[in-house]
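Everything on this sheet refers to the single structure shown next.
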Amino acid sequence: MPAGMAFLAAITSVVYYHNIETSNFPKLLIALLFYWTLAFITKTIKFVKFCDNGVGFSQLRFCLTGLLVVLYGMLLAVEINVIRVRRYVFFKTPKEVKPPEDLQDLGVRFLQPFVNLLSKGTYWWMNTFIKTAHKKPIDLKTIGKLPIAMRALTNYIRLNEAFEAQKNKRSSSPQGSRSIWRALCCAFGRPLLLSSTFRILADLLGFAGPLCISGIVHNVGKGNNTIRPQIKILGVFFISSQEFLSNAYVLAVLLFFALLLQRTFLQASYYVAIETGINLRGAIQTKIYNKIMQLSTSNMSMGEMTAGQICNLVAIDTNQLMWFFFLCPNLWAMPVQIIVGVLLLYYLLGISALIGAAVIIVLAPVQYFVATKLSQAQRSTLEYSNERLKKTNEMLRGIKLLKLYAWEHIFHSSVEETRQKEMTSLKSFALYTSISIFMNAAIPIAAVLITFVVHAHLTRKADFSPSVAFASLSLFHILVSPLFLLSSVVRSTVKALVSVQKLSEFLSSEEIGEEHDKSSELRTADNHSKYQAVITNGFFTWTPEGPPALSNIDIRIPQGQLTMIVGQVGCGKSSLLLAILGEMQKISGNISWTSCTSDSETGEDFSPEKESPVDMEVRKRGAVAYASQKPWLLNATVEENITFESSFNKQRYKAVIDACSLQPDIDILPHGDQTQIGERGINLSGGQRQRISVARALYQQTNVVFLDDPFSALDIHLSDHLMQEGILKMLREDKRTVVLVTHKLQYLPHADWIIAMKDGNIQREGTLKDIQKSETELFEHWKTLMNRQDQELEKETTIEENPVLERTNLRRTMYSREALLKDDEEDEEEVTESDDEDNLSSVLHQRAKMPWRACGKYLSAAGILLLPLLLLSQLLKHTVMVAIDYCLALWSEHAISMRIEPETRNCSQCAEFDHSQYSKVFSILCCLGIVLCLVTSIAVEWTGLKVTKKLHSSLLNKIILAPMRFFETTPLGSILNRFSADCNTIDQHIPATLECLSRSTLLCVSALAVISYVTPMFLIALVPLAIMCYFIQKYFRVASRDLQQLDDSTQLPLLSHFSETVEGLTTIRAFRYEAKFRQKLLEYTDSNNIASLFLTAANRWLEVRMEYIGACVVLIAAVTSITSCLYNKITSGLVGLGLTYALMVSNYLNWMVRNLADMEIQLGAVKRINGLLKTEAENYEGLLSSSQIPQNWPDRGEIQIQNLSVRYDSNLKPVLKHVNAHISPGQKIGICGRTGSGKSSFSLAFFRMVDTFEGRIIIDGIDIAKLPLQTLRSRLSIILQDPILFSGTIRFNLDPEKKCTDSMLWEALEIAQLKHVVKALPGGLDAIVTEGGENFSQGQRQLFCLARAFVRKTSIFIMDEATASIDMATENILQKVVMTAFADRTVVTIAHRVHTILNSDLVIVMKRGVILEYDKPEVLLEQEDSVFASFVQADK
């Protein structure tokens, strides 16, 4: 009765205290203080009384009273402390306590740091979040903001303070990796200590399992009925502590509580370690970013540090450090666990335990060896995988050319060849993975086998009771896990050491503008108003050791005027701009700026780091709007790229768009100026990128604008428009200082000031008149060049088509998508209105479902033989495992019954007989188990290999044979993702997850089956537990998948922000936008970290719940089996078996659900690839067989087009309508028309690249629709407008089929005016072409494409705007060559400059898919109202 009352009082007081806290009414605390004081005094009196009467530790009541005294004392102390600190009750003015700032901010939804202890331990606060996830998908809005203490900035400041402290301590020595480690420990060591403490406590509590099993089985074996006489003291019956603990039911309850506590501590340890790792990652990423902002430009340009290396540092090395911090607590917890485990085994089994433990410890290095081999195999797989992706990327980028030339098979076999190498590597990866899986499963079996056989045979008098056997078995299970972890912990430690070394090298690399010249202010008022910047006697270099790139620089840049810098290629014009901006290393001299920029312009620069000298210089040089020679764009919309973090001004924006002639380009883009560009969006042409970059500089409100060769990628009309409207009108009229680097000398008369450069020196500076007077020779040279460029201007066409040249390609891509969108728009609107509610519910239903179909597809790809092997071996293995443990139960049961039997026999003989009999069976079963472990691990990996091989080859075959329409409507990135990320998931991740999932599921099933067999009563309790499990996993899977996707998707912008910053470093620094970009980084880092933290919390939420259910399973199994045993229904051996398996359930339940969630995410890859496998291929078969087609067809080149109508897809409008034409053999045909008139569709119709739904094309008497595609395309030649080159040799680019001799190739190069270029290259025809032909200019690439077409020697030759990127002179030569070299061939030229087709035999003028005019050019020119005549007129 008193005990019950005390329990009620304790609960009442807790509820009471909670209400005081929530209602914030501290005066009521006095009642609680009174209660605790009374309770403490009464318990202390009782305890003293016990001591006086000689009641000691052996009595249970004494121990409990002692515990209560301590507990009440602590509660009283806490109570007094709260009253003292908060100044409650006895104080007049209590202290006002505000809730944390984070809780006042409704945006903070991550509540782990703020909730009470119980909610912290069980992640109760996550319940509402996970329920919400089931109702609607999780996005960044749902998860909210990070608490202040976890934000990247907070952690960065903490880390930076630790770095500074290390620097001050060791000011003499540089920043080495040792001091980085010290700083990391100083900043993040404390939470790791807490995590390690939790971990050690959890590991020690873990040993309660085997000890309680041992006690329960031992007591049950004795019948649990040893009732001792009760002792009466002070008139009350006392139970001794030993008696209490020898009760099996008491032990079962103790085991339950020990398990609950152990799991709670373990999850708390994981959470703290992971949270610390995530905080550390955020801090290091910010530290790296701040360093990037101050990196010397020469480090980047001289190749000391590539953008790739920096991105690796961010993407890989920071993650390695994070993982190291996750696994760090294991470093100190594992030795404790191993030592305690071995000691307990020794206590139970004696010397034989050490032999078993030795087996595990000896095999640990073998595991480490396998793990290192595994990572090597993974590395080589990655190399081949990168090579394969590079080839696939090239193949997809040039797919149009491959199809037109019928070269698909060549590139297909090239990718397949690399895939074969990758598969070899994957085979060794699979082999080592299966060995690793096998060892994990087989080592405990081997250790148990050796231990028990040795124990039974060596130590005759040994105790081989079920209590010893099953306690030892559980201990072996516990011992194995730290040893498996060992290899990954050691690997992770090694990687972390390497990463810190890399980090230390990066952080000690050179920074920009480290020496600061104090005399560089402009002093005189006169100078102040006249010149924007002055360099006196400047010598600049890129590398500190190297020679100066610029010497004797004395220049002045007049304020509010247009300065032009001219000179030959490579004379240092761009370097001069960068030198003025402070990007080059100054050897000597002064750079002076007038500081007349406002604060709003520079942007308040916030940097948590201390101001370095470079920041002091910032204050002098204001923001400069800088457009670099190589345009740099952000991964953002067109509008964001132009406004570039400035406020939006519609009028100004419109004026800038107009000045840069961007409106027509924007109109073509699918979402106008809201289209995402850069890595994730549509790739723009060079000219478009250049104009957006210039538009950004024009839009900014800075006083100074630097433009580095903005006309290089623009044609003459665009250049002129930009010069007049943009530079002269917008900038010069606003009295802004403009510095323009250019090769276009015809603009020199507009310049107020000219700087002429030569070989890194200033040749001359002044106005054009000054130079005309003093440098007549230079002026005359300029004059001739200006004259030549003006002539070129006259020759160029002035019709609308010109600025549209670079847009045509883009328009074609967009055309199909726009048409699709337009067709679907109306239908979509109707559908969305009606189906909105249904749609949401069906989507939610889909999210909750497992993708079983994809799983079926994956397994069925394994084939008829492997699938049954996989399933049977798994089932057999787990059956044998249960048999081993059942055999152990019988063996130990018989062994103990022999010893207990009170018959007078020779006991040793009985034992020997029994032992040898059972040990044989036990050994056979164990060996069989080990063999099956090997079979299952190999079967899983083998299945994986077979599936991955089959899926990749099917995907490649489908994609390469897909119609061109598919590539126009599917973004290249999404196809590439199937080949990269999805193939990687199928290659490396699914087999491991599948193995893990099947193992944990079958272990749980077999464990539940064993417990049910031992005590069928258990099945009744199993039903509610199973229902709970089902709902927990259902809710968790949905939330986990969303969070996983969010974690991945928030990582992409973060990484691309780093690569963007590295590429555009000079631009960012010129604009003085460091602070804005740092702020952006902090936002990206925080959103990635909050997703990672929620994912961690969700995993902990699941594991705590699953492990609590596991603990309930143990409690129910223990209570039911003890009851059954006491009523003599089962033996103590079976009780031991049941309890051992119950402990296993609690370990594997959460693994089962986690693997299920992982499997669901990974099967998404199979689903997506299967989606692509449904793509319909082009019809490559023809009605005519190869014997029916003449060998040399088409030999004459006669083309008849009869009533031809063509469309891009069956649901789109026709692009050619009822076209009729007849082209005689050897004729030269010119086709012209405005953009979108159907010229290119006309050329594609010859190759059946578009859908011909009416009419036909007959070439040399054969209808091309009847020909096999491969034959048709291989017998015609085409040159496309976009030059496409592949990486490899020049020979490979000209003739991948290897059909031509060298002389034929040289002849083609000569025709294409390239012979001298190729001759000069090392290797000649075998000279290397880099990816996309980047080592040749645009014009040269186009000439190579011409040469490629000449090599084919076909009688029909089609040129689709092929001379667009070639200068006038070369084009004229080519026209003549084509006329002579192809005198006997039929040539169809689609013209972009009308004068190129004036010499044709026939001209076709097209408009909106119809032939408008069709006659000889001279006839058409005579007709005054002809469209062709108007084109030619405009071209003059």
Side-chain angles (χ1 to χ4, degrees), residues 109-134 143 191 194-206 208-209 253 255-278 326 329-330 333 478 481 1000 1004 1007 1024-1044 1092-1116 1142-1158:
R109 312 249 165 84
F110 189 77
L111 303 176
Q112 182 70 6
F114 313 111
V115 291
N116 61 47
L117 207 57
L118 269 175
S119 184
K120 256 195 180 82
T122 57
Y123 305 89
W124 193 259
W125 63 273
M126 282 286 288
N127 287 357
T128 46
F129 176 79
I130 281 173
K131 273 186 216 154
T132 318
H134 206 261
I143 59 178
L194 180 68
S195 172
S196 303
T197 312
F198 283 152
R199 183 60 197 266
I200 290 169
L201 280 172
D203 286 347
L204 292 176
L205 278 167
V253 174
L255 174 58
F256 173 68
F257 283 120
L259 276 176
L260 288 185
L261 264 180
Q262 187 233 346
R263 300 308 187 189
T264 310
F265 278 137
L266 189 64
Q267 295 309 327
S269 162
Y270 287 158
Y271 171 77
V272 173
I274 293 175
E275 188 199 281
T276 311
I278 290 170
F326 288 178
N330 290 310
I478 287 174
S481 59
S1000 48
C1004 286
L1025 289 178
I1027 293 168
M1028 277 167 71
C1029 267
Y1030 170 75
F1031 280 107
I1032 288 172
Q1033 66 83 31
K1034 187 181 170 187
Y1035 278 87
F1036 168 76
R1037 272 192 8 250
V1038 174
S1040 168
R1041 187 178 59 232
D1042 283 1
L1043 286 168
Q1044 188 77 55
S1092 302
L1093 276 167
F1094 262 106
L1095 185 61
T1096 301
N1099 286 340
R1100 302 290 78 82
W1101 177 88
L1102 167 84
E1103 289 180 10
V1104 162
R1105 273 146 194 72
M1106 282 301 174
E1107 287 176 341
Y1108 285 0
I1109 288 176
C1112 291
V1113 169
V1114 173
L1115 178 67
I1116 296 162
L1143 272 181
M1144 262 166 50
V1145 171
S1146 70
N1147 282 332
Y1148 285 105
L1149 257 181
N1150 66 59
W1151 272 112
M1152 186 173 83
V1153 179
R1154 282 282 293 281
N1155 286 318
L1156 199 64
D1158 288 348

- Task: Could you check Trp124 against Asn127 for side chain to side chain contact (heavy atoms under 4.5 Å, CB included), going step by step and ending with a plain yes or no?
- Result: CA-CA 6 Å; Trp124 193 259; Asn127 287 357; 3.4 Å; yes
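- Side chain of Ser269 to backbone of Ser195: a donor-acceptor contact under 3.5 angstrom is found.
- Arg109 is linked by a side-chain contact (heavy atoms from CB on, under 4.5 Å) to Phe1094, counting only residues two or more places apart in sequence or in another chain.
- Residue pairs meeting the salt bridge (charged side-chain N to carboxylate O under 4.0 Å, His left out) criterion with at least one member in residues 1093-1104, sequence neighbours excluded, are Arg1100-Glu1103, Glu1103-Arg1154.
- Closest approach of Met1152 to Ser1000, counting heavy atoms only: CA-OG, 3.6 Å.
- With values rounded to the nearest 0.5 angstrom, Leu1156 atom CG is found 6.0 Å from Gln1033 atom CD.
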- Query: Does the pair Gln267 and Arg263 meet the rule for a side-chain hydrogen bond (donor to acceptor under 3.5 Å, both in side chains), with working shown?
  - Reply: CA-CA 6 Å; Gln267 295 309 327; Arg263 300 308 187 189; over 6 Å; no
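- In terms of heavy-atom proximity, Val1038 sits nearest to Ala133 at CG1-O, 3.7 Å.
- With sequence neighbours left out, Gln1044 forms a side-chain hydrogen bond (donor to acceptor under 3.5 Å, both in side chains) with no residue at all.
- Residue Tyr1148 places its OH atom among 12 or fewer non-hydrogen atoms of other residues, nucleotides or ligands, all under 6.0 Å distant.
- For Leu260, the side-chain contact (heavy atoms from CB on, under 4.5 Å) criterion is met by Phe256, Phe257, Tyr1108, Ala1111, not counting sequence neighbours.
- Residues Gly1110 and Leu1149 come closest through the heavy atom pair N-CD1, 4.2 Å.
- Atoms CG and NE2, from Asp1042 and His134 in turn, are 10.5 Å apart once rounded to the nearest 0.5 Å.
- Taking both residues in full, the closest heavy atoms of Ser196 and Pro329 are given as OG-CA, 3.6 Å, listed atom of the first, atom of the second, then distance.
- Residues forming a salt bridge (charged side-chain N to carboxylate O under 4.0 Å, His left out) with Arg199 (at least two apart in sequence, or on another chain): Asp203.
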- Item | Candidate pair Val1153 and Ile1032, rule side chain to side chain contact (heavy atoms under 4.5 Å, CB included), full reasoning | CA-CA 9 Å; Val1153 179; Ile1032 288 172; 6.0 Å; no
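- With sequence neighbours left out, Phe198 forms a ring-ring contact (aromatic ring centres under 6.0 Å, His included) with Phe265.
- Legend: residues meeting side-chain hydrogen bond (donor to acceptor under 3.5 Å, both in side chains) with Asn1155, ordered by chain and number and at least two apart, are absent.
- Scored by the side-chain hydrogen bond (donor to acceptor under 3.5 Å, both in side chains) test, Ser1040 finds no partners at all (sequence neighbours excluded).
- For the side-chain contact (heavy atoms from CB on, under 4.5 Å) test, residues two or more places apart in sequence or in another chain that qualify with Gln112 are Phe110, Lys120, Tyr123, Trp125, Tyr271.
- Separation of atoms CG (Leu1043) and OG1 (Thr1096) is listed at 9.5 Å; rounding is to 0.5 Å.
- Residues passing the side-chain contact (heavy atoms from CB on, under 4.5 Å) test with Ser1092, sequence neighbours excluded: Ile278, Arg281, Asp1047, Asn1088.
- Note: Leu205 CG to Leu266 CG = 10.5 Å, rounded to the nearest 0.5 Å.
- When all heavy atoms of Leu255 and Gly209 are compared, the pair lying nearest together is CD1-CA, 3.5 Å.
- How far CZ of Phe129 is from CE of Met126: 5.5 Å, rounded to the nearest 0.5 Å.
- Under the rule for a side-chain hydrogen bond (donor to acceptor under 3.5 Å, both in side chains), Thr276 has no partner lying at least two apart in sequence or in another chain.
- Of all non-hydrogen atoms in Gly121 and Val1104, the two that sit nearest each other are O-CG2, 3.8 Å.
- Put simply, CG on Leu1143 and CD1 on Ile478 are 7.5 Å apart, with the number rounded to the nearest 0.5 Å.
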